[in-house]
Protein chains: 2
Amino acid sequence: MKKNFSRLMALKRMGIVENYEDIRLFTCAIVGIGGVGSVTAEMLTRCGIGKLILFDYDKVELANMNRLFFQPHQSGMSKVEAAAQTLRNINPDVEIVTFNYNITTTDNFQHFMDTISTGNLTGGPVDLVLSCVDNFEARYTINTACNELNIKWFESGVAENAVSGHIQFIVPGETACFACAPPLIVASNIDEKTLKRDGVCAASLPTTMGIVAGFLVQNTLKYLLKFGEVTHYLGYSALNDFFPTMNMKPNPNCEDGYCKKRQEEYAVKPKPEKREALKAEKEEPIHEDNEWGISLIDESAVPSSAEEATSLGQGLSYAYEVPEISGEPATYEENVQKDTNLEELMAQMKSM
Amino acid sequence: MKKNFSRLMALKRMGIVENYEDIRLFTCAIVGIGGVGSVTAEMLTRCGIGKLILFDYDKVELANMNRLFFQPHQSGMSKVEAAAQTLRNINPDVEIVTFNYNITTTDNFQHFMDTISTGNLTGGPVDLVLSCVDNFEARYTINTACNELNIKWFESGVAENAVSGHIQFIVPGETACFACAPPLIVASNIDEKTLKRDGVCAASLPTTMGIVAGFLVQNTLKYLLKFGEVTHYLGYSALNDFFPTMNMKPNPNCEDGYCKKRQEEYAVKPKPEKREALKAEKEEPIHEDNEWGISLIDESAVPSSAEEATSLGQGLSYAYEVPEISGEPATYEENVQKDTNLEELMAQMKSM
């Protein structure tokens with residue numbers, strides 16, 4: 001599979017990622033193998049992750065064909081079975097384990113806990129849980145498990161009208177957990193399950209789901225391989241291409257006892273120095289996969305940082321790259337709400 | 001194929017898109033069926049577009065397996081042939097035409113022009129050309145053709161270090177074309193083709209390419225189906241999740257004669273009223289695909305606009321949706337540079 005990795009190892013040669021090959025050591029659990037989860041699994045598989053553990057209890061249906069990944073001939077198969085088949089074919093080096101059950105039932109919850117706490121390549125906890133589910137109950141279940149097991153996780157979601165979505169990074173004790181902000185509206189008279197049946201109402205688009213999966217895996221890669229900055233909350237509004245970001249501190253009165261325990265642990269933990277962004281160095285490209293034996297004419301023109309890079313040939317640049325290059329950091333900063341106060345947010349919500 | 005469309009027709013029931021079924025009438029040409037182009041083609045196929053015309057001259061290689069779409073068993077096949085096979089299997093209702101050649105040679109350029117000017121479902125010009133190529137020459141060729149034929153097109157690009165990208169909407173005579181901003185740096189001593197060989201240097205990630213394809217197709221859908229706002233330029237910087245946007249007016253001194261001609265035509269054309277954003281109305285959901293005959297308990301809770309929608313069950317809401325809901329339009333406006341002056345941009349570039 002060496003040749004398959006040449007474009008990924010280039011991330012190392014270009015100074016973006018220090019040790020790309022570390023990707024082989026990591027394990028992610030993905031809960032929900034639907035429109036977002038299946039693309040998430042495919043991206044991580046093509047990136048060469050060590051192990052994936054997939055949870056879902058649904059079957060592939062023709063109504064799923066408006067999202068990426070599943071194909072009509074897989075209709076009727078369980079989503080995890082169909083996904084594993086496709087993923088193993090794409091990259092047999094990734095270890096893929098599947099569980100065809102609902103994590104929210106009492107029996108399965110215990111098995112889910114056991115699996116994510118011992119499922120990595122050396123018998124320890126998974127490195128991340130990626131939530132790609134479409135309902136409150138499953139998110140709450142993942143939150144409960146991850147708080148108790150002290151496992152970091154990403155929540156993701158796509159709106160029922162298909163034109164917005166978000167990802168959120170949850171670090172137990174350090175950021176707000178899923179239970180930290182008590183739901184203001186809980187329409188408990190409605191049984192969510194009856195509303196979630198295929199074909200009834202929710203819209204979905206392969207674009208929105210692909211973008212949310214892209215954000216999810218990109219931030220997963222940044223977290224696992226320690227490059228760039230992991231965004232704690234990234235929203236996407238398709239109608240006007242708006243991308244809100246924010247950070248949220250945990251609620252000291254969170255109803256989840258393990259969240260409060262993690263907050264106490266975090267409070268007394270020595271805070272690490274803010275990790276310096278991996279400095280992009282001008283490394284001599286190694287060209288280990290160069291089978292033609294040619295050498296590049298202008299080595300110095302290899303883009304050595306995100307700012308310098310363009311989509312054109314090396315040493316070429318064109319004017320449309322300007323906004324990417326200039327970056328306007330002042331405006332960007334204004335757009336990021338650092339450490340948003342939970343009470344203020346709640347007040348905002350109530351006044352809406 | 002009715003069942004496959006239930007989640008797409010829901011866009012209409014929810015008031016996002018007025019006539020989703022119009023998607024069947026449109027034709028897009030996609031130039032470049034690589035990491036971005038193949039996902040673009042798959043998204044449009046799953047959205048049920050009428051016709052796709054695919055141009056590429058490359059073969060599928062194992063080094064392409066770190067992006068989405070192609071599978072190892074397709075290695076050695078032409079990219080357009082492999083893509084057409086997969087796409088027809090996913091949705092046989094989409095008419096797919098392929099051309100396995102390089103559009104930049106003299107002979108092929110004329111055929112490319114003929115094809116995009118007569119390739120739609122009724123013998124007229126395609127509705128959009130989507131550029132998913134990886135080099136300057138091909139972009140320039142598309143620009144020349146689209147200016148002459150007066151065809152709107154989207155340019156897209158991903159940086160060689162794999163962590164940034166962009167899309168740009170080019171309307172001949174109305175927005176800056178690809179030739180409007182003369183390249184400030186053109187390393188003409190380097191033959192781009194020798195630099196573009198697989199495995200030599202460029203990095204790529206399925207995440208970045210999937211996100212750029214998502215932006216490209218989402219804005220294509222917004223343009224074709226007349227909903228939301230088509231973003232003229234949308235950048236993506238993965239390291240810090242930064243998304244610059246801008247508009248650019250055409251250059252009155254553009255070296256492309258057809259660009260200047262289109263500018264003159266646009267100058268004397270009566271300007272249409274700015275299309276009002278499709279007002280989201282609370283329509284009674286029709287549930288045409290509801291095969292269980294159930295009726296929803298709380299019809300009024302159906303999300304009727306992007307702002308109201310959540311990823312949870314209808315009538316449910318949770319606090320993490322706040323940043324999407326509040327939207328902070330004031331800050332957003334600051335982040336958008338309306339009608340950026342070309343001279344100012346050039347000056348900015350020169351001073352960097």
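Here is how names work: the chains are called A, B, and so on, in the same order as the sequence lines, proteins then strands, and each is numbered from 1.
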> Given the rule in the side-chain contact (heavy atoms from CB on, under 4.5 Å) test, do A:Leu68 and B:Arg46 qualify, once you have shown the distances and angles that lead to the verdict?
Replying inline: CA-CA 7 Å; A:Leu68 301 179; B:Arg46 292 187 185 261; 4.1 Å; yes
> Angle class for the B:Phe136/B:Phe178 ring planes (parallel below 30°, perpendicular above 60°, tilted otherwise)?
Replying inline: tilted
> Which of the residues A:Ala238, A:Ala162, A:Gly210 is involved in the greatest number of heavy-atom pairs with chain B at under 4.5 angstrom?
Replying inline: A:Ala238
> Non-hydrogen atoms of chain B under 4.5 Å away: do they reach the side chain of A:Thr208, the backbone, both or neither?
Replying inline: both
> Given that the side chain runs from C-beta out, which part of A:Leu11 has a heavy atom under 4.5 Å from chain B: side chain, backbone, both or neither?
Replying inline: both
>> Tell me the closest heavy-atom pair linking A:His166 and A:Glu155, and the distance in Å.
In response: NE2-OE2, 3.0 Å
> So which part of B:Leu216 gets closer than 4.5 Å to some heavy atom of chain A, the side chain, the backbone, both or neither?
Replying inline: neither
>> Quick check on the interface: out of A:Thr220, A:Leu205, A:Thr45, who has the most heavy-atom pairs with chain B under 4.5 Å?
In response: A:Leu205
>> Classify the ring geometry of B:Phe215 against B:Tyr236: parallel below 30°, tilted from 30° to 60°, perpendicular beyond 60°.
In response: perpendicular
> Given a strict heavy-atom distance threshold of 4.5 Å, which part of A:Phe69 is in contact with chain B: side chain, backbone, both, or neither?
Replying inline: backbone
> Heavy-atom distance under 4.5 Å to chain A: side chain of B:Leu234, backbone, both or neither?
Replying inline: side chain
> For the side chain of A:Asn66 and the backbone of A:Ser204, is there at least one donor-acceptor N/O pair under 3.5 Å apart?
Replying inline: yes
> Using non-hydrogen atoms only, which part of A:Leu44 is less than 4.5 Å away from chain B: side chain, backbone, both, or neither?
Replying inline: neither
> What is the minimum heavy-atom distance between B:Asp134 and B:Arg139, and which atoms define it?
Replying inline: C-NH1, 3.8 Å
> What residue, out of B:Gln71, B:Gln218, B:His73, B:Met209, has the most heavy-atom pairs lying under 4.5 Å from chain A?
Replying inline: B:Gln218
>> Ignoring hydrogens, what is the shortest heavy-atom contact between A:Asn251 and A:Cys180? Give both atom names and the distance.
In response: ND2-O, 2.7 Å
